[in-house]
2 protein chains.
Amino acid sequence: MAQDTKQRLLDAGLEMLLRHGYNDLGVQALLTATNTPKGSFYHYFPSKEAFALELIECYMVEVHRGLDATLGDRSLPPLARVRRFFELTQEKYREEGYLGCMLGGVGQELSGVNEVFRAKIEQCFNAIAERIAGCLEEARQRGDLPADFASRRMADLLVNCWEGAALRTRLRRDPTSLQAMLDFYFAAATG
Amino acid sequence: MAQDTKQRLLDAGLEMLLRHGYNDLGVQALLTATNTPKGSFYHYFPSKEAFALELIECYMVEVHRGLDATLGDRSLPPLARVRRFFELTQEKYREEGYLGCMLGGVGQELSGVNEVFRAKIEQCFNAIAERIAGCLEEARQRGDLPADFASRRMADLLVNCWEGAALRTRLRRDPTSLQAMLDFYFAAATG
DNA sequence: GGTTGAGAGTAGACCGGTCGGTCTATTGGA
DNA sequence: TCCAATAGACCGACCGGTCTACTCTCAACC
């Protein structure tokens, strides 16, 4: 037993937060879905907000794992690694039923009123863009991108446009917007 | 008096929905903010959900007004009109304190659980993309865009990427992501 | 090795507050 | 006179969170 009640809560929480968002994620609903008494939830987490922040942490662990697996793959040229990261992510979205990105969802919902979440999500996007920028910069130095390519800003742009495409994916429950966005970006950036 | 109670509710509702999202928009808070008794609200609107749908309708009226004012301006070449539409929109975001786009916000928050809103928001994006596609197509026929330019799909792409940049704008409370996105898109599209 | 005490974890009744929504009474202009 | 509109008390349901009671596990001790 021990810690696997906590893990069960986190696993179910990730799914529910992605689908329902923060305000529509009821603690009671989570407990019912996981057959957990309330006492256990508040034993592991001080509040619903702390729980959600930990869910974002979990989500980011997975994102970084994806970045490790793709950007770190030296058998591929750097641009192809970046592209592979997003294609891997797209595959993950498909498995989840095309509900888009949790960071985008929570960010949209809460950043208008909650400073803690606003700063947290912004920091997550920054971390992702930073790592992608590193790989783009490698591509630039190899001559795969124009010499005046602004890696860091173009990484932000890529992440932002991806999030927009992910929102559309959530609305349409299909991946075409993601694919179209990647095609356009890489054609334009290398062109 | 007459209908201006209703208008007051809609005006305040637009602001609150943009900032708080749907689930965190309390009917009571709206009534307090506008000094309106509950009886009046439910006299004009059958439910909170119907109210929010009417808010989206109002939002779209403004969007279409913006499209009319820009895409319909024959004194500018078609591509410049499209760009002006987004720059006008960016100006609107600025006035609101960079809270992004209401369609993106509500779409993200509700499309995972509420089919009515999901379909509604998707239809809104389609309507916008459709009108932009018309203008892009005009540009293509004039030779301002490549002959094989897929106007309709490129309009969707533009709208999607814009929404992503708008989310980032909301997170950072500044417009740089919007500007960067427009610069990239128009530079890349015109080749 | 059996007894016992401490603390992690489980269990769920219960709390005040707020939610969206209803109801009845009243007002005021046409 | 009539009815749109205002006014707000009131409703049951549910919200996140607290509290107490209980059940284990396991280590300390004679």
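Chain identifiers are assigned alphabetically (A, B, ...) following the order of the sequence lines, protein sequences preceding nucleic acid strands; residue numbering begins at 1 within each chain.
Rounded to a whole Å, the NE2 atom of B:His43 is 17 Å from the P atom of C:dC23. Taking atom CG of A:Asn23 as the reference point, atom P of D:dG16 lies 9 Å away to the nearest angstrom. Nucleotide D:dG17 holds its C1' atom 15 Å from the CZ atom of A:Phe51, rounded to whole Å. What separates NZ of A:Lys6 from C1' of C:dT10 is a distance of 16 Å, to the nearest Å. When the C1' atom of C:dT18 is taken as reference, atom CG of B:Leu30 falls 16 Å away, rounded to whole Å. Between the CD atom of B:Glu49 and the C1' atom of C:dC19 there is a distance of 15 Å, rounded to whole Å. Atom CZ in A:Phe41 sits about 14 Å away from atom C1' in D:dT18, given to the nearest Å. Regarding A:Met16, its CE atom lies at a distance of 10 Å from the P atom of D:dC15, rounded to whole Å.
Under the 3.5 Å distance criterion, the side-chain polar atoms of A:Lys48 are matched with a main-chain donor or acceptor of A:Tyr22. One N or O on the side chain of B:Thr169 and one on the backbone of B:Asp174 form a donor-acceptor pair closer than 3.5 Å. In this structure a side-chain-to-backbone donor-acceptor pair under 3.5 Å is present from A:Thr36 to A:Thr34.
For A:Pro37, taking side-chain heavy atoms from C-beta onward, the closest of the listed nucleotides C:dA11, D:dA7, D:dG16 is C:dA11. Among the nucleotides D:dA9, C:dC19, C:dA8, the one closest to the side chain of B:Lys38 is D:dA9.
The aromatic rings of A:Phe184 and B:Tyr185 sit tilted relative to each other, their planes meeting at an angle between 30° and 60°.
Comparing A:Gly39 and A:Tyr22 by the nucleotide of DNA chain D that holds the closest heavy atom to each, the one mapping nearer the 5' end is A:Tyr22.
Nucleic acid contact for A:Leu25: sugar-phosphate only, since backbone atoms but no base atoms lie under 4.0 Å from a heavy atom of the residue. Note on B:Leu31: nothing from the nucleic acid sits closer than 4.0 angstrom, heavy atoms only. When heavy atoms are screened at a 4.0 angstrom cut-off, B:Thr36 is found touching no nucleic acid atom at all.
Using a 4.0 Å cut-off, no side-chain N or O of A:Tyr42 falls inside it from OP1 or OP2 of C:dA11. Listed pair A:Ser40 / C:dT10 meets the phosphate criterion, a side-chain N or O lying under 4.0 Å from OP1 or OP2. For A:Lys48 and D:dG16, the shortest distance from a side-chain N or O to OP1 or OP2 is below 4.0 Å. Taking 4.0 angstrom as the limit, B:Thr5 places none of its side-chain polar atoms (N or O) nearer than this to OP1 or OP2 of D:dA5.
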Report the C-alpha distance between B:Tyr59 and B:Cys101 in whole Å, list the side-chain angles of each, state the deciding distance to 0.1 Å, and finish with yes or no for side-chain contact (heavy atoms from CB on, under 4.5 Å).
-> CA-CA 10 Å; B:Tyr59 192 86; B:Cys101 171; 3.6 Å; yes
